[in-house]
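First the structure, in the form of structure tokens, and then the observations on it.
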Amino acid sequence: MRKYVSLSMAALSLFAATLPTATVAAQDAVSPVIITDVGGVDDKSFNQSAWEGLTAWGEENSVEQGVGGYDYLESKSDSDYVTNLNTAVQGGFNLIFGIGYKLQPAIDEAAQQYTDKNFVIIDSVVEQENVASITFKDNEAAFLAGVAAAMTTKTDHIGFVGGVESEVIDRFEAGFIAGAQTVKPDIEISVEYAGHFADAPKGKQLAAAMYADNVDIIYHASGGTGQGIFSEAKDLVSNDPSRELFVIGVDLDQDAEGLVEVDGEERHLTLASTLKQVGESVKSFTDKTAKEGFEGGIQTLGLADGGVDLTTEHLAEDVKKAVEDYKQQIINGEIEVPEKPAE
């Protein structure tokens, strides 16, 4: 287990790369499909958000699910990415979303092979004219989560659980640590990685070890693996209602995942959730493509444009105020949030 007791706040410039864009004339009928990462469309996180966004687009535009309309293809393992991309192309879909950085190599290859199709990669960059890349400043929302955790903890020991170590999850970890240490420099932060985005038992195991080690708040950026973290928190609190344990959710508002009934009353164990507008990005990009035509290039979304955020419903009033103050400082450029954890 890696433990961070006091780390320097290295100021790193946020990613703001821009690529030349290629505009393709509007098509008579856009037929979009999402290729999920291994979490599936019901992971209550990243993939689910994308599917909800595409479904909302279909409903608003009276487009039905299925061939000729919109749909999804689930990836059970990394080996499914290429197969699913080929299936999407052969199925006649002409706007193909790869949900997650792990699909980057497969999208890159498919874009070169099928130059008459348009692709979108979420959370990574592919430098092809027929590919749009949508990335997020996850570190900014994670910074706010760190502030909330550090101001709420009673044990001064908090935890972070990531799915698979990568450049994307680095941003979550780095931002969370930076935010926590900004308000409480000597706070203890334990960090673990599950090695998977769809391993709830592993998430439960990691959470059990952390909570046993006096951690009282865990922030996860682990997709479906996080369900195990919520499960462990609820089990512990159900068995001992005196314990004050929390989870910070990711990508979607995961308040419902942390609901537990104790002595006939509901308790909310989801302290907050970092929000990532994957669904809204999928929806708006599809809508714009349908109306104006496809445009490749890079979009990078952060706090300033509503691409990421933090829920605050269950935070104490002083914590809410601090979160809003730090949010504005980040938007104003007064704070540069690191994208990589300190060595």
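Hydrophobic clustering keeps L275 apart from V250 (ILVMFWY residues linked when any side-chain heavy atoms are closer than 4.5 Å, directly or through intermediates).
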Stepwise salt bridge (charged side-chain N to carboxylate O under 4.0 Å, His left out) check, K320 with E317: CA-CA 5 Å; K320 286 183 184 179; E317 288 303 316; 3.4 Å; yes

Decide yes or no on side chain to side chain contact (heavy atoms under 4.5 Å, CB included) for F46 and I122, but give the supporting numbers first. CA-CA 10 Å; F46 192 74; I122 304 291; 3.6 Å; yes

Verdict with reasoning, D287 to K283, per salt bridge (charged side-chain N to carboxylate O under 4.0 Å, His left out): CA-CA 6 Å; D287 196 51; K283 178 176 177 289; over 6 Å; no

Salt bridge (charged side-chain N to carboxylate O under 4.0 Å, His left out) assessment of R267 paired with E265: CA-CA 7 Å; R267 274 177 63 175; E265 295 185 1; over 6 Å; no

Can F93 and D71 be said to form a side chain to side chain contact (heavy atoms under 4.5 Å, CB included), step by step? CA-CA 9 Å; F93 295 99; D71 215 333; 3.7 Å; yes

Step by step, would you call D37 with F197 a side chain to side chain contact (heavy atoms under 4.5 Å, CB included)? CA-CA 9 Å; D37 198 348; F197 288 112; 4.3 Å; yes

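Remark: K137 NZ to T300 OG1 distance equals 7.0 Å, nearest 0.5 Å. In this structure, OG in S281 is found 7.0 Å from CD in Q299, a value given to the nearest 0.5 Å. Atom CZ of F136 sits about 12.0 Å away from atom OG1 of T274, to the nearest 0.5 Å. Within the model, atoms CG of D138 and CG of L301 stand 10.0 Å from one another, a figure rounded to the nearest 0.5 Å.
Between F294 and F285, the ring planes lie perpendicular to each other; the angle is over 60°, past the 30° to 60° tilted range.
Counting only heavy atoms from C-beta outward, the side chains of S273 and T311 approach each other to under 4.5 Å. A heavy-atom distance below 4.5 Å is found between the side chains of P201 and D199. L269 has its side chain within reach of V237: a pair of non-hydrogen atoms, C-beta onward, lies under 4.5 Å apart.
Annotation for E64: atom CD does not count as buried by contact number, only 12 or fewer foreign heavy atoms lying within 6.0 Å. Other residues, nucleotides and ligands place more than 12 heavy atoms under 6.0 Å from the CD atom of E334. The 12-atom threshold is not exceeded at CD of E167, counting heavy atoms of other residues, nucleotides or ligands nearer than 6.0 Å.
E140 contributes a side-chain N or O that, together with a main-chain N or O of L303, makes up a donor-acceptor pair within less than 3.5 Å. Without hydrogens or angle criteria, N86 side chain to T83 main chain gives no donor-acceptor distance under 3.5 Å. Listed for the T153 side chain is no donor-acceptor partner under 3.5 Å among the backbone atoms of A149. The main-chain N or O of V63 is never found under 3.5 Å from a side-chain atom of N61 such that the two would form a donor-acceptor pair. Counting only distance, with no hydrogens or angles, the side chain of H196 and the backbone of A198 share a donor-acceptor pair below 3.5 Å. In terms of modelled atom types and a separation under 3.5 Å, the side chain of T312 and the main chain of L315 share no donor-acceptor contact. Between the side chain of Q104 and the main chain of V125, a donor-acceptor pair closer than 3.5 Å is present.
In summary, of the residues considered (D123, D253, D309), a salt bridge (charged side-chain N to carboxylate O under 4.0 Å, His left out) with K276 occurs for D123 alone. When each of V278, T36, V41, L252 is checked for a side chain to side chain contact (heavy atoms under 4.5 Å, CB included) with Q48, only L252 meets the rule.
Contact between V38 and S77 at its shortest, heavy atoms only, is CG1-CA, 3.6 Å. S75 and N84 get closest at one heavy-atom pair: OG-ND2, 3.2 Å. Across every non-hydrogen atom of P341 and A174, the tightest pair is N-CB, 3.5 Å. In terms of heavy atoms, D213 sits closest to S190 at OD2-OG, 4.5 Å. The minimum heavy-atom distance linking T225 with A194 is given by the pair CG2-CB, 3.7 Å. Shown here for A322 and V147, the closest heavy-atom pair between the two residues is CB-CG1, 4.3 Å.
With 3.5 Å as the limit, one finds a donor-acceptor pair spanning the side chains of Q112 and D108. Checked by atom type, the side-chain pair Y70/T286 shows no donor-acceptor distance below 3.5 Å. Counted by atom type alone, H157 and D216 present zero donor-acceptor pairs between their side chains at under 3.5 Å. For N47 and Y72, the side-chain atoms include no donor-acceptor pair closer than 3.5 Å. Inspection of the Q254 and H220 side chains reveals an N or O donor paired with an N or O acceptor under 3.5 Å. Under 3.5 Å, the side chains of D43 and S45 contain no donor-acceptor pair of N or O atoms. No side-chain donor-acceptor contact under 3.5 Å links Y114 and Q90. Side-chain N/O atoms of N214 and T155 include no donor and acceptor closer than 3.5 Å.
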